[in-house]
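Report on the following structure.
Chain A is the first sequence line, chain B the second, and so forth, proteins listed ahead of strands; every chain is numbered from 1.
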There are 2 protein chains.
Amino acid sequence: MRSKIIQDGQKKKASFIEEARRRQIVEGAISTIASAGLPQASLARIAQDVGVSKGVISYHFAGKDELIQQVVNALFVETNRFIKARVDRAPDAPRRLRAFIEASFEFMAANRANFVALVDIWGSFGSPEAKRRFNADMYDPCRHHLEGILRRGQDSGDFRDFSPGTLAATVQGAIDGVMLQWVFDEEAIDLADCAAELVTMFDLATRRRA
Amino acid sequence: MRSKIIQDGQKKKASFIEEARRRQIVEGAISTIASAGLPQASLARIAQDVGVSKGVISYHFAGKDELIQQVVNALFVETNRFIKARVDRAPDAPRRLRAFIEASFEFMAANRANFVALVDIWGSFGSPEAKRRFNADMYDPCRHHLEGILRRGQDSGDFRDFSPGTLAATVQGAIDGVMLQWVFDEEAIDLADCAAELVTMFDLATRRRA
DNA sequence: CTAATTTTTGACCGCATGGCCAGGATTCAA
DNA sequence: TTGAATCCTGGCCATGCGGTCAAAAATTAG
């Protein structure tokens, strides 16, 4: 692994086992974090759960920080890809917004461990600067996506006049906030009901007034 | 400190210094966590920030777990007291709901460190069971309060028919979700705008239809 | 003022962690 | 087949953690 830096320069070589192990370890980390909690998810524990020696992680990742970074990345990428696919299939802005909300909840319900792990992790970004970066890298793209939907809905005349940025933050916030409670106590929250409520609510809140 | 258990039995004696130190340490812990992040907030670091020896914390608290527990408690109690005072001053259900949302954001804006610390902490409840307890002890009372407001609004005919539990989770979620983004990046979120948006949105979403 | 009690200190312990590395196994290229 | 590159192992280490303790300091009571 001397070539880690050069890798980007090279094209094909540095892979297969490398990529496979990385994926395997990242997935193992997610499930370990979700089931045991971040504080208990030491490199030793993750390695044990994956079924490899501890050194393997050090070999494929620069350190625990990079592992966690990759975990967060995988979590966001996977989620956003699913949502985006659903959104793109919708014909107009109101239905795209609806698809965004529904897809978010559908993906949550089908991938609980991902969100349990995410909640565990996102508290542990120590410095304010780290939080900023986390937000900029992970959260902003989501909001941006939403903002685009909202803005085009205004252009097409489907939506009333509002600040797209603020409403995007509100939509994203509502989804994440419900998700958070659901992560804490699965049975206290009825995801489907909340999704439906949010859909009708944001429909009312965005549609052009009579 | 042999009398820790008897304390409840005694009446006045076991206090002043004891209580003062406890408050001091809890507050110090909050500010250390908020500024350095939970992972960096060791007992040594907290003690240093407070300006006392490490042993003092062990002397006044059973352990780090109890400290964190007290921190979370203080955070919730303080927040809820503020919100409840505002809500109680409102004359009818729609205005109580509005007061709930506005008070939440107002308190956030005035106590940023509290929420930064809270977000740091709430990810680190390891076991699923710990999360359940956290949710049950801290979150449920909030939702319960909200549910009461909503239910009485339905009884009085101000609100349309909906599931109070679901809508309470939705309101709470929307507030917390926006708060979360604001914790990550203060400048990316305009709290006042989001508050206003949420107020009008939930007004639209709850009012009895024509 | 003195004796008893509460509070504080700073050194200390055992432990788990993240990271490191020498050497062995495996895979790959020629 | 053989030599080189890659991949993996298991043990090692320094670090920092939470927690404990004897003794010193401060406070209180008599």
At a cut-off of 3.5 Å, list every protein nitrogen or oxygen paired with a nitrogen or oxygen from nucleotides 16-21 of chain C, distance to 0.1 Å.
unit_1	atom_1	unit_2	atom_2	d
C:dG18	OP1	A:Lys64	NZ	2.5
C:dG18	OP2	A:Leu43	N	2.8
C:dG19	OP2	A:Lys64	N	2.8
C:dG19	O6	A:Lys54	NZ	2.3

Worked verdict on B:Gln154 versus B:Arg151 for side-chain hydrogen bond (donor to acceptor under 3.5 Å, both in side chains): CA-CA 5 Å; B:Gln154 287 179 326; B:Arg151 213 180 291 274; 5.7 Å; no
Worked check of side chain to side chain contact (heavy atoms under 4.5 Å, CB included) between A:His145 and A:Val87: CA-CA 10 Å; A:His145 182 202; A:Val87 167; 3.9 Å; yes
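With contacts defined as side-chain heavy-atom distances shorter than 4.5 Å, the pair B:Asn73/B:Val26 does not qualify.
Residue A:Gln172 holds its CD atom at 8.5 Å from CE of A:Met179, rounded to the nearest 0.5 Å.
Atom CG in B:Leu38 sits roughly 14 Å away from atom C1' in D:dC17 (whole-Å rounding). Counting to the nearest Å, the P atom of C:dG10 and the CD1 atom of B:Ile57 are 14 Å from each other. B:Tyr59 places its OH atom 7 Å from the P atom of C:dT6, with the value rounded to the nearest Å. The CD-C1' distance, from B:Glu66 to D:dG18, rounds to 14 Å in whole Å. Taking atom CZ of residue A:Arg21 and atom P of nucleotide C:dT26, one finds them 13 Å apart after rounding to whole Å.
The stretch residues 46-53 of chain B touches DNA chain C through B:Val52, B:Ser53, each having a heavy atom within less than 4.0 Å of the strand.
Note on A:Arg133 versus A:Glu129: no salt bridge recorded, every NZ/NE/NH1/NH2 to OD/OE distance being 4.0 Å or above. A salt bridge is absent between A:Arg23 and A:Glu27: the closest approach of a Lys/Arg side-chain nitrogen to an acidic carboxylate oxygen does not fall below 4.0 angstrom.
Identified under the ring-ring contact (aromatic ring centres under 6.0 Å, His included) test for residues 80-99 of chain A, with sequence neighbours left out: A:Phe82-A:Phe107.
Classified by interplanar angle (parallel below 30°, tilted 30° to 60°, perpendicular above 60°), the ring pair A:Phe184/B:Tyr139 is tilted.
Nearest to the side-chain atoms of B:Glu18 among the listed nucleotides C:dT7, D:dC7, C:dT8 stands C:dT7.
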